[in-house]
Amino acid sequence: IGNCTFNECTSLETFKIPKSVESIGDNCFSKCSALKEIIIPDSVNQIGDNCFMECSALTKIIIPDSVKQIGDGCFSNCSSLTYVKLSRSISIISPFCFKKCCSLPKLIIPESVTTIRSGAFVNCTKLSNLSIPFSLMKFSPKSLIKCRSLKEIGVYSAHGIPLFRDFFKLRRIKFVEIAYPFENNAH
């Protein structure tokens, strides 16, 4: 689907992307203020920059594992978003991807993610629980600015987190020991 295809279609409430679609362009559904539901098939491998920006009625998004790239600001200002299931094939959480998703309470970052870029979750004011995988190698200290409800970060990374600032309600950081099963060397 091309860039800006449904941009500012303020009456669009639901949309099922056809299985023939492989990518969703930049700003494709941005400012579709009535969009409550979007169904993304497993044929899609890329979602463009600002694709769902300011879809203020969108409450839930399930990104299939076929998606390998999510663009900058993709879900920024989706103020009603309360549930996100990320693809297990993405390696980067893009800059400002979830900026001002002020209703999102919890997010689990999949193990495929190695990088969280600047501003990824900036101003997610209800985000209270974040799970970060062992695979994380780069974490921008500016990715969680103004996440003032953040109470728990499950850190599943040997690399740790370089900076925490502006987290007035942060009570606990949990470092989790990961046990690796022994390989079966049976003859």
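Along the sequence shown, residues are numbered consecutively beginning with 1.
- Counting heavy atoms of neighbouring residues, nucleotides and ligands inside a 6.0 Å radius, atom NZ of K60 does not exceed 12 of them.
- The cluster map of Ile, Leu, Val, Met, Phe, Trp and Tyr, joined by side-chain heavy atoms under 4.5 Å apart, puts L35 and I24 in the same cluster.
- For the residue pair T125 and S149, the shortest heavy atom distance occurs at O-OG, 2.6 Å.
- Here the side chains of F75 and C97 are in contact, with some heavy-atom distance below 4.5 Å.
- Residues L58 and L104 share a hydrophobic cluster, clusters being chains of Ile/Leu/Val/Met/Phe/Trp/Tyr side chains in contact below 4.5 Å.
- Put simply, V67 and V21 are part of the same group of oily side chains (I, L, V, M, F, W, Y) that touch within less than 4.5 Å, one to the next.
- Inter-residue side-chain proximity for S140 and R117 is flagged as unmet; no heavy-atom pair is nearer than 4.5 Å.
- Between the T14 side chain and the E37 main chain, no donor and acceptor come within less than 3.5 Å of each other.
- No side-chain donor-acceptor contact under 3.5 Å links S87 to the backbone of I63.
- Of the possible donor and acceptor atoms, none in the side chain of S80 sits under 3.5 Å from a partner among the backbone N and O of A57.
- No continuous path of ILVMFWY side-chain contacts below 4.5 Å connects I38 to M53, so the two sit in separate hydrophobic clusters.
- For the side-chain hydrogen bond (donor to acceptor under 3.5 Å, both in side chains) with S30, the lone residue among N3, N50, N7 that qualifies is N7.
- In terms of modelled atom types and a separation under 3.5 Å, the side chain of T59 and the main chain of L81 share no donor-acceptor contact.
- Here the side chain of T114 pairs a donor or acceptor atom with the backbone of S91 at under 3.5 angstrom.
- Counting all heavy atoms, side chain and backbone alike, K99 lies closest to G119 at CB-O, 4.3 Å.
- In this structure a side-chain-to-backbone donor-acceptor pair under 3.5 Å is present from D26 to D49.
- The backbone N or O of R88 lies less than 3.5 Å from a partner atom in the side chain of S112, making a donor-acceptor pair.
- Ring-plane geometry between F15 and F6 is classed as tilted, the angle between the planes lying from 30 to 60 degrees on a 0 to 90 degree scale.
- Nearest heavy-atom pair, S143 versus I116, reported as atom, atom and distance to 0.1 Å: CB-CG2, 3.8 Å.
- The nearest pair of heavy atoms linking T115 to L136 is N-CD1, 3.9 Å.
- The nearest pair of heavy atoms linking S103 to S79 is OG-O, 2.6 Å.
- If you chain together hydrophobic residues whose side chains sit under 4.5 Å apart, I92 and V84 never meet in one group.
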